[in-house]
Amino acid sequence: MYLTILYCTIGVLKKTFEPAMNGSRDVNSGNYLDVGANMKVLSCCQKEMTVEYISGLDGKEGIAKAANLLRSTYFNGDKDACGNDEIVFTEADMSSALKAIGCGGPEPDLLLLYGPARCHLGFPAWRLRYTEIMHMGPLDSMKYGAIVKAFYNFSKKYQNFGK
Amino acid sequence: MLLSFRAQSSKLSELSCLLLGAWSLWVNLQLAIAKIQAIRFKELHGPAQGSSSAPEERGKHAAGDRPPARLSTSWGREAVRRFPAAETQPNLLHTRRRSRRPFGAATFFLRPRARARRGSAKSPAELIFTTPLDSRRPATQNPKMEKPDELIATGVLASLQNFIRKCIIAVISYGPMPKHIAFIMDGNRRYAKFRSIKEGSGHRLGFSALIASLLYCYEMGVEYITVYAFSIDNFKRDPTEVQSLMELMEEKINELLENTSVINKVNCKMNFWGNLDLLSEPVRLAAQKLMASTAENKGLVLSVCMPYNSTSEIVNAVNQLCAERREHAGNCNGNSPNNGVVHSDVSVEDLDRHMYSTGCPDPDIVIRTSGETRLSNFLLWQTTFSHLQNPDPLWPEFSFRHLVWAILQYQRVYPYIEQNKRLSKKLL
C-alpha cells in the first residue's frame, strides 16, 4: 500500500477534490489522548494507493491546534487540577495530538517539489524530518522519465539518521 | 539606437578606465610596501645573506639562465624594474624556492583536493587569522626573521585576493542579498575518510571552514548565520566520537573566549540554540560564558545549533507556552476568586515567540553541503520560504566561490519567493 501526499500551500487541491472525494473517517485518529475528536482525514483509498490532500493550514496551524489540544486536555485552567506537578510534553505527545486532529500521518520518504524554486512552502514540519527533497522543476515539465530518474536517485541515497 | 550604443560604450569605457585606475593604484601601493620591506630587511640584516656567495654565482641568476619562476611573472619583472637593488639581493625576490612545499597564499588558489594532495596545511581561516591560533611556530623564532620574499609574495597575492573578492561582492550586491543564511555542515567525516586523515581532523577543518564562511558572510553584509553543529540524533554515534566532538567544541569555544580577534572583527553575537542540558557540564558552561560575553555585541549574529532538533524545539516552545499560560492563570486566580479568565487559543505567533529563533528573521537560504537533499530535522518551522540548496562539495571544501554561487541562485528565485510570501500572508 503506497501513500501519496499532494501538498499545495493555499489548498487548491484540497478544496477542489473535497466535494468529490469520499472523505474516509479515520476512526482510530480520535482515540488518541482519549479524546473523542471526530476528525476527517481527506483521503481517497484505492486498491494499492492512498492519496492524501494537505494544505498550508496543516503545517504551522496544525501544530498550533495540536498544542491547543494538549493544553486543553491537561490544563483546564483550574489551579487545583494542575497542582504542583508540571506536566512536560514530549515529542510522542505531540505526535499523538497531531494524529488526533488529523494532521498526523506517515512521513514521506521522498518529496518531489515542483516549482521554480526549491522551497518546501510550509509542508508539515512533523512529516518532513528525514524526507529527501528533490526539486523537479516547473510543473509543466512533469514527465514519467523524470519521476523514474528521481526514484533511481532516491534508491542510491543512504541515511544514517544521525549516526 | 546608434547614439544610445555610443553612450553606453562611452559609459563602459569610463567604467573600465576607473577600474584600471584603481587597479594600477593598488599595484603601486603593493610595490611601495615591497620596497619598504626590502629596505627594512636591509637595515635588519645588512648586506643580503645571499651576497656572501661569489659574485659569479650571483651573476648566474641575471645572466642567460632560465629566469626564476617569480621573475617570469609580471609582478616579478615590475619589482625588479622598480627596485634594482633587489637584483643584488636575489634572496629578496625568492628566485628559487627553498622547499618544494608551496607557500601559504598560493595554496589558496589551488583546488581543495590538489591542496590536500600537496599536503599543505594552510586553510583559508589560517590565512585570515592575524594572530594564528596554532602553536606550530616555535616560540624562539622571531617573526621578523620570516623570509621577506615570501612576505612580499604572500602580501601581494593576499591583497590581490582581497581586491578581487571585494569586486565580486560589489557586483553581486546589486541584487537582493540574503539577511540570514543557515548551514548544515555535512561531510566532515567523509572529507577525513577520503583524504585518509584522522576523523577528528575533518571536524577541525570544518571549524576552519566555518570561520572563513563567517568572515565572507560578514563582508557580504549578511546579518544572521545559523549553523547545525550537533543534532540530538548524533548522540547515537559511537561514544568515543561523541566525546571527541564535545572536547573539540569545548576547545574551540574556549579559544574564541581567549582570542576574541574574530569575534571583535565582526562584532559577533553568539547564540547556542538547543537543549543545552544534554551537553556535558564543561561544554555547557563554556557556551553560556561565550553567550554572556557577546550578548551586548550588535554585529553579525551567529547561532550554533547544538544539540538541536526542530521537533524538540517545537515541543519546547509548547511547554514554555503552557508554563507561561499556567503562571498567568495562577496570578489571575490569586487576584480574583472567580476563575473567569478565558485563555485564548494558542496561535502560530504565540509559538513563534517561544522558539529558539525568536528575534531572528527566517533563513533566506539553507545550504546543506555534500549534496544531501534532506533537512534532517533542522529549522523545519522557520524554513517555510527558505531557498534550500545542496551543493556537492563537502563542508571543509566550502569556500567563497560556493557562497557566491549560492547567493546568485537565491537572487534568481527571489521574485518567486517574495510572491509566495505575499500570497500566503493574504490567504493564510
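A, B, ... follow the sequence lines: proteins, then strands. Residue 1 opens every chain.
- Residue B:Thr311 touches chain A through both its backbone and its side chain, counting heavy-atom pairs closer than 4.5 Å.
- Between B:Tyr410 and B:His387, the angle of the ring planes lies from 30° to 60°, which puts this pair in the tilted group.
- Options A:His120, A:Lys65, A:Lys157 differ in how many heavy-atom pairs under 4.5 Å they form with chain B, and the most are formed by A:His120.
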Next on the checklist: Test side chain to side chain contact (heavy atoms under 4.5 Å, CB included) on B:Thr384 and A:Lys60; report intermediate values, then the result.
Outcome noted: CA-CA 10 Å; B:Thr384 302; A:Lys60 289 186 179 179; 3.6 Å; yes
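- Contact of A:Ser95 with chain B is not made at all, since no heavy-atom distance falls under 4.5 Å.
- Annotation: A:Phe151, atom CZ; neighbour count of heavy atoms from other residues, nucleotides and ligands within 6.0 Å does not exceed 12.
- Closest approach of B:Arg368 to B:Ser376, counting heavy atoms only: NH1-OG, 2.7 Å.
- Contact count versus chain A (heavy atoms, under 4.5 Å) is highest, among B:Lys236, B:Glu372, B:Glu241, for B:Lys236.
- Counting heavy-atom pairs closer than 4.5 Å to chain B, the top-ranked of the candidates A:Ala66, A:Ala67, A:Pro116 is A:Pro116.
- The side-chain contact (heavy atoms from CB on, under 4.5 Å) test with B:Leu379 singles out one residue from B:Tyr356, B:Tyr308, B:Tyr228, and that residue is B:Tyr308.
- A pairwise comparison of heavy atoms in B:Met355 and B:Trp381 identifies CE-CD2, 3.5 Å as the closest pair.
- Only the side chain of B:Arg189 comes within contact range of chain A, judged by heavy atoms closer than 4.5 Å.
- Per-residue heavy-atom pair counts under 4.5 Å with chain A were compared for B:Ile417, B:Leu388, B:Asn420, B:Asp238, and the maximum is reached by B:Leu388.
- Checking each of B:Phe207, B:Phe183, B:Tyr191 against B:Trp395 for a ring-ring contact (aromatic ring centres under 6.0 Å, His included) leaves exactly one that passes, namely B:Phe183.
- If you measure heavy-atom distances from A:Phe154 to chain B, you find no contacts under 4.5 Å at all.
- Both the backbone and the side chain of B:Asn390 come within less than 4.5 Å of a heavy atom in chain A.
- Salt-bridge annotation for B:Glu397 and B:Arg190: absent, with no side-chain N of the basic residue lying under 4.0 Å from a carboxylate O of the acidic one.
- With chain A as the partner, the residue from B:Val413, B:Thr383, B:Val242, B:Leu321 showing the most heavy-atom pairs under 4.5 Å is B:Thr383.
- If you measure heavy-atom distances from B:Ser347 to chain A, the contacts under 4.5 Å come from the backbone alone.
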